[in-house]
Student: 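Pasting in a structure now, in structure tokens, and then I'll have a few things to ask.
The structure displayed is predicted, hence computed values, not measured ones.
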Amino acid sequence: MKRILFVCGYDDAWTQVSEGIKPSQHMFGLNEMIDRYTVDQNGDLHGHINAGNLFEDSCEVDFYEWKSIRKDVLKHISFFIKNRKKYDIIYDCLNRCSIWIGGFRKLNIIKAKIITMCHHPSYFIALNFSFSDAYVFFNEEYRKIAEKECKRKTNKFYVNEWYPENSWYEPFLEKSISKGDVFFIDNGKTERDRIALQKSCEDLKIVVNYPGEVDENNGYFQSYKTNFSTYTEMTEKLLRYHSLIVPVKKFNKKKIGPLGITSFLDAVALCMPIIASDNTCFSGDVEKYQLGIVYKTGDAESLKKAMQKMHDDESFYKNCVKNLENYKKTRDISTFSEKLKNIMKNVIS
């Protein structure tokens, strides 16, 4: 029987996905391969893949949380050395462990094949001073960056575009939750440009809600308390708004990582027109397929114009909704999972 170790930094994402209270894109394609979950006597969750589904024989999946790239490194490395012969594949979906254990893999101390989802460029150190058996990129642009940084490993590079589990969101859409009075919401915290967003909404006198520590009801830039017990509560909240804003900060680097992409997947699955900064990895699709509006990163005036058009132009807004409905028909986590399955077969063979 083959064994896979799924390494992630999200808080127990696998348990929430297995219970159906979180969409499966947060397991980066692995959930779609798993036929059933069990909990052992120690309370640990395991996934089981039937023979013929992925490999000829059956396969068991274990889960490991590596929350911070730099914290408790020695403890984590000790675990991997101790279990160096236990696994056939280590799937590092958030690029948490690869740079640390890749040297042991190269020396064949760790036997498992390592598949790494590459998030934030530059990839130079990870590609040239560590070792994985496969490197997976969110789009072709990221792959090209890696190719420039390490041409000798291009045969290990794969592109796999990340999509939502659309079926998970369908019951929420069927509820026909009524839209509220507030038109815009930002549902992310990581590297958000609050300065440009606040200036834009105050100049326009249009209320925007963003995640914070308290619930506010005054002014145009209002925070909401993010004390949701499950992903379902956040999803139901999103449906009360008309449009999602993903305002990522400006960075002094040519290309940033996939910041804001989880918000983008929520918007796609819920058919919420999007306003996004042009430095996001999905801004090209927002423009190409007219899923919303892309504004110039860091430019409050550009963001303000985008917000005003989305808010005031009803015909444009409805067209974005239709485009999103068409866009998501061919973009689902099942497609991502099938490509991941082929990558796993390739590295094993």
Student: Among D92, I343, I90, find the one that has a side chain to side chain contact (heavy atoms under 4.5 Å, CB included) with I115.
Tutor: I343

Student: Is there side-chain contact between V208 and M307, with heavy atoms separated by less than 4.5 Å?
Tutor: yes

Student: Taking all non-hydrogen atoms of both residues, which atom of K189 and which atom of R194 are closest, and how far apart?
Tutor: CA-NH2, 3.8 Å

Student: Return each pair, listed once, that meets side chain to side chain donor-acceptor pair (under 3.5 Å) where at least one residue sits in residues 119-128; pairs must be two or more places apart or across chains.
Tutor: S122-E149

Student: Can you tell me which residue among F28, F264, F137, Y142 is in a ring pair (Phe, Tyr, Trp, His ring centres under 6.0 Å) with W162?
Tutor: F28

Student: Could you give the distance from CD1 (I21) to CD (Q16), rounded to the nearest 0.5 Å?
Tutor: 5.0 Å

Student: Count the heavy atoms of every other residue, nucleotide or ligand shown that sit under 6.0 Å from NZ of K67, and state whether that count exceeds 12.
Tutor: yes

Student: What I want to check is whether the side chains of D186 and N209 have a donor and an acceptor closer together than 3.5 Å.
Tutor: no

Student: Considering residues at least two apart in sequence or located in another chain, which fulfil the salt bridge (charged side-chain N to carboxylate O under 4.0 Å, His left out) criterion with E233?
Tutor: none

Student: Any Lys/Arg nitrogen of E314 or K318 sitting under 4.0 Å from an Asp/Glu carboxylate oxygen of the other?
Tutor: yes

Student: Is it the case that more than 12 heavy atoms not belonging to K296 sit under 6.0 Å from its NZ atom?
Tutor: no

Student: Give, for atom SG of C320 and atom CE of M272, the distance between the pair rounded to the nearest 0.5 Å.
Tutor: 12.0 Å

Student: Step through the shown structure and confirm whether more than 12 heavy atoms of other residues, nucleotides or ligands are within 6.0 Å of CD1 on I195.
Tutor: no

Student: Please list all pairs passing the ring pair (Phe, Tyr, Trp, His ring centres under 6.0 Å) test where one or both residues lie in residues 75-96, with sequence neighbours left out.
Tutor: F6-Y91, Y64-H76, Y64-F79, Y64-F80, W66-H76, W66-F80

Student: Near K253 NZ, under 6.0 Å, is it more than 12 heavy atoms from other residues, nucleotides or ligands?
Tutor: yes

Student: Measure the acute angle between the ring planes of Y231 and W168, then classify it against the limits of 30° and 60° as parallel, tilted or perpendicular.
Tutor: perpendicular

Student: Flag yes if more than 12 heavy atoms outside K322 fall under 6.0 Å of its NZ atom; otherwise flag no.
Tutor: no

Student: Search all heavy atoms of T226 against all heavy atoms of P211 and return the closest pair with its distance.
Tutor: CG2-CB, 3.3 Å

Student: Measuring centre to centre across the rings, with the benzene-like ring taken for any Trp, is H46 within less than 6.0 Å of F63?
Tutor: no

Student: Which pairs with one or both residues in residues 283-306 pass ring pair (Phe, Tyr, Trp, His ring centres under 6.0 Å), sequence neighbours excluded?
Tutor: Y289-Y327

Student: Nearest 0.5 Å, what's the CG-OG1 distance between L94 and T116?
Tutor: 11.0 Å

Student: Does K309 make a cation-pi contact with F316, if we ask for NZ or CZ under 6.0 Å from the ring centre and within 45° of the axis?
Tutor: yes

Student: Calculate, to the nearest 0.5 Å, the distance between atoms CG and CG belonging to D62 and N83 respectively.
Tutor: 8.5 Å

Student: Decide if atom CD of E56 counts as having more than 12 heavy atoms of other residues, nucleotides or ligands within a radius under 6.0 Å.
Tutor: no

Student: Give a yes-or-no answer on whether the side chains of S283 and D278 include a donor-acceptor pair shorter than 3.5 Å.
Tutor: no

Student: Would you give the length of the straight line joining atom SG of C93 to atom CE of M27, rounded to the nearest 0.5 angstrom?
Tutor: 8.5 Å

Student: Assess the pair Y220 and F184: is the distance between their ring centroids shorter than 6.0 Å?
Tutor: no

Student: For a quick test of your reading: what N or O donor-acceptor pairs under 3.5 Å do the side chains of residues 100-110 make, sequence neighbours left out?
Tutor:
{"unit_1": "W100", "atom_1": "NE1", "unit_2": "I69", "atom_2": "O", "d": "2.9"}
{"unit_1": "R105", "atom_1": "NE", "unit_2": "A112", "atom_2": "O", "d": "3.1"}
{"unit_1": "R105", "atom_1": "NE", "unit_2": "D133", "atom_2": "OD2", "d": "2.9"}
{"unit_1": "R105", "atom_1": "NH2", "unit_2": "D133", "atom_2": "OD1", "d": "3.0"}

Student: Does NZ or CZ of K2 fall inside the cone over F55's six-membered ring, less than 6.0 Å from its centre and within 45° of the axis?
Tutor: yes

Student: Would one find more than 12 heavy atoms of other residues, nucleotides or ligands at under 6.0 Å from atom NZ of K237?
Tutor: yes

Student: Could you name each residue pair satisfying ring pair (Phe, Tyr, Trp, His ring centres under 6.0 Å) that touches residues 193-218, not counting sequence neighbours?
Tutor: Y210-F221

Student: Strictly by modelled atom types, are N217 and Y224 linked by a side-chain donor-acceptor pair under 3.5 Å?
Tutor: no

Student: Around K288, counting heavy atoms of other residues, nucleotides and ligands shown, do more than 12 lie under 6.0 Å from its NZ?
Tutor: no

Student: For L45 and V39, which heavy atoms make the closest approach, and how far apart are they?
Tutor: CD1-CG2, 3.8 Å

Student: Counting N and O atoms only, with roles assigned by atom type, does the side chain of S200 sit under 3.5 Å from a partner on the main chain of A196, one being a donor and the other an acceptor?
Tutor: yes

Student: How long is the gap from CZ on R192 to CG on L259, to the nearest 0.5 Å?
Tutor: 8.0 Å

Student: Check P121 against I145 and note the closest heavy-atom contact, atom names and distance.
Tutor: CB-CG2, 4.1 Å

Student: Salt-bridged, D203 to K304, with N to O below 4.0 Å?
Tutor: yes

